[in-house]
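Everything on this sheet refers to the single structure shown next.
Below, all heavy atoms of this structure are taken into account, side chains as well, without hydrogens, waters or symmetry copies.
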Amino acid sequence: MSQVHVSGVGTYSVAPYYQAGIVADGSPTVGSGCGVYGESGWRGVYGRNPGAGAGSDAIGVHGRLETGSSYTNGYGVKAEAFGTGPTNYGVFGNASGGTTNNYGVYGTNSGTGYAGYFAGNVRITGSITKGSGTFLIDHPLDPENKYLYHSFVESPDMMNVYNGNVVTDASGVAAIELPDYFEALNKDFRYQLTTIGQPAQVWVSQEISGNRFEVKSDKPNVKVSWQVTGIRHDKYADAHRVVPEVEKEAQFKGHYLHAKEWGKPQSKSFDAITTPKETEGNKPARQ
């Protein structure tokens, strides 16, 4: 085993070295050149900041792609995982110990792209907070050239919506079967009924019980469009009920989630507080 220990070479406050322990230059004109290459049975490259410096930022590993690069794709940091074990993480982020906020992964974008883009399935085991939400699909009438957007149904009380059509029988009765999980998932049911094709009186003759309900019409063979809503009361929803109106956290008082839309400057946005503000070169204070 061999070790090399180098500390504090380079010139203070002069880009890009900033008192670097090691400065390594790969060929800037060769596509396969590497400034630093590490290979190991455990960690190919390991960066650690013990947190003892007096600077405004502490960084374990910093990757930067300069604006002059003419590559087809540019990566500030690129991570890949092709292991054969049971689990692989292309990128793993974890943050704890912050006195105000912790972000396991934080992404921002000031251009026309996305702060985060996922080409595949996404699973979130906790809650998600958003300014708005839509589904986005290829337009059914012009899938090669157009998108189709629809907004999510928004509700302050974690509502689920179910609907369908049914035709009453010769006695004016129709039974509607709901999913077998309906009553286990929902409470506080609401009903809406509309006749189709003819005027008629129609009402709920038997409320939901055993995951079914019945409607009745004053005429036989009436087509009825029905809608039922329920409020979630599964274990997770009961433990994490949505509170519609809450005070903003102390550090966000006087700031806006969507400052631009409120006619306020960017300095009044949440992003002005949460976006990492790395100083040039992450220079520590002079001793």
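- Residues I128 and V122 share a hydrophobic cluster, clusters being chains of Ile/Leu/Val/Met/Phe/Trp/Tyr side chains in contact below 4.5 Å.
- The main-chain N or O of D157 is found under 3.5 Å from a side-chain atom of S155 such that the two form a donor-acceptor pair.
- Across every non-hydrogen atom of S225 and I196, the tightest pair is CB-CD1, 3.7 Å.
- With a 6.0 Å radius and a threshold of 12 heavy atoms from other residues, nucleotides or ligands, E261 has its CD atom above the threshold.
- Separating the CD atom in Q198 from the NZ atom in K219 is a distance of 5.0 Å, to the nearest 0.5 Å.
- Side-chain heavy atoms closer than 4.5 Å link hydrophobic residues (I, L, V, M, F, W, Y) into clusters, and following such links, possibly through other members, connects I273 to L257.
- Residues L193 and L178 share a hydrophobic cluster, clusters being chains of Ile/Leu/Val/Met/Phe/Trp/Tyr side chains in contact below 4.5 Å.
- A donor-acceptor pair under 3.5 Å is formed between the side chain of K216 and the backbone N or O of S171.
- Not a single donor-acceptor pair under 3.5 Å links the side chain of Q201 to the backbone N or O of S217.
- Not a single side chain to side chain donor-acceptor pair (under 3.5 Å) links E249 to another residue, sequence neighbours left out.
- The local environment of NZ in K187 is crowded, with over 12 non-hydrogen atoms from other residues, nucleotides or ligands closer than 6.0 Å.
- With no hydrogens or angles considered, no side-chain donor-acceptor pair links T274 and Y103 at under 3.5 Å.
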(request) Begin from the C-alpha positions of T275 and Y106 and carry the test side-chain contact (heavy atoms from CB on, under 4.5 Å) through to its verdict. (result) CA-CA 8 Å; T275 300; Y106 187 98; 3.2 Å; yes

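- Using a 3.5 Å distance cut-off with no hydrogens or angles, the side chains of D271 and S269 do not pair a donor with an acceptor.
- Here the side chains of N101 and Q251 are in contact, with some heavy-atom distance below 4.5 Å.
- Ring planes of Y162 and Y181: tilted class, angle from 30 to 60°.
- When all heavy atoms of P265 and A259 are compared, the pair lying nearest together is O-CB, 3.6 Å.
- Summarising the geometry, atom OH belonging to Y46 is positioned 12.5 Å from atom OG belonging to S40; distances are rounded to the nearest 0.5 Å.
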(request) Assess whether side-chain contact (heavy atoms from CB on, under 4.5 Å) is satisfied between I208 and E183, documenting all intermediate values. (result) CA-CA 8 Å; I208 294 170; E183 287 182 274; 4.0 Å; yes

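- The pair E214-R212 counts as a salt bridge, with a side-chain nitrogen and a carboxylate oxygen less than 4.0 angstrom apart.
- Annotation: the span from M158 atom CE to R232 atom CZ amounts to 4.0 Å, rounded to 0.5 Å.
- Distance check, rounded to the nearest 0.5 Å: NZ of K235 to NE2 of H240 gives 12.5 Å.
- Across all non-hydrogen atoms, the minimal contact from P220 to A170 is CB-O, 3.3 Å.
- Counting heavy atoms from C-beta on, the side chains of V161 and Q227 come closer than 4.5 Å.
- Other residues, nucleotides and ligands contribute only 12 or fewer heavy atoms inside 6.0 Å of the NZ atom of K146.
- Between K130 and E154, at least one side-chain nitrogen of the basic residue sits less than 4.0 Å from a carboxylate oxygen of the acidic one, meeting the salt-bridge criterion.
- The shortest side-chain heavy-atom distance between N109 and Y114 does not fall under the 4.5 Å cut-off.
- With T168 contributing its side chain and V222 its backbone, the two residues share a donor-acceptor pair below 3.5 Å.
- In this structure, D238 pairs ionically with R241, as a charged nitrogen and a carboxylate oxygen lie closer than 4.0 Å.
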(request) Could you check F213 against W226 for side-chain contact (heavy atoms from CB on, under 4.5 Å), going step by step and ending with a plain yes or no? (result) CA-CA 11 Å; F213 70 101; W226 60 269; 4.0 Å; yes

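- Within a 6.0 Å radius of CZ in F152, other residues, nucleotides and ligands contribute more than 12 heavy atoms.
- Cluster membership check: I124 shares its hydrophobic cluster with F118, using side-chain heavy-atom separations under 4.5 Å among Ile, Leu, Val, Met, Phe, Trp and Tyr.
- Counting only distance, with no hydrogens or angles, the side chain of K268 and the backbone of G254 share a donor-acceptor pair below 3.5 Å.
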(message) Under the criterion side chain to side chain donor-acceptor pair (under 3.5 Å), I'd like the reasoning laid out for N102 against S96: C-alpha separation, chi angles, the key distance, then a yes or no.
(response) CA-CA 6 Å; N102 293 289; S96 61; 5.8 Å; no

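- Of all the heavy atoms in T195 and A200, the pair that sits closest is CG2-O, 3.7 Å.
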(request) Could you walk me through whether F182 and D180 pass side-chain contact (heavy atoms from CB on, under 4.5 Å), step by step? (result) CA-CA 6 Å; F182 181 86; D180 57 5; over 6 Å; no

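- The salt bridge (charged side-chain N to carboxylate O under 4.0 Å, His left out) search around R190 returns none, not counting sequence neighbours.
- Between the side chain of N94 and the backbone N or O of G104, no donor-acceptor pair lies under 3.5 Å.
- Checked against N160 for a side chain to side chain contact (heavy atoms under 4.5 Å, CB included), the options T229, V228, L185 give a single hit: L185.
- In this structure, K248 satisfies the cation-pi test against Y256, with its NZ or CZ atom closer than 6.0 Å to the six-membered ring centre and inside 45 degrees of the ring normal.
- Sparse packing is recorded around CZ of R64, with 12 or fewer heavy atoms of other residues, nucleotides or ligands lying under 6.0 Å away.
- Here the options are V204, N211, V166, the test is side chain to side chain contact (heavy atoms under 4.5 Å, CB included), and the partner is I176; only V166 passes.
- H150 has its ring centre less than 6.0 Å from the ring centre of F135.
- Linking ILVMFWY side-chain heavy atoms closer than 4.5 Å, directly or via other members, places Y191 and V173 in two distinct hydrophobic clusters.
- Across every non-hydrogen atom of S267 and A272, the tightest pair is O-CB, 3.8 Å.
- Taking the six-membered ring where tryptophan is involved, the planes of F270 and F252 are essentially parallel, since the angle between them stays under 30° and well short of 60°.
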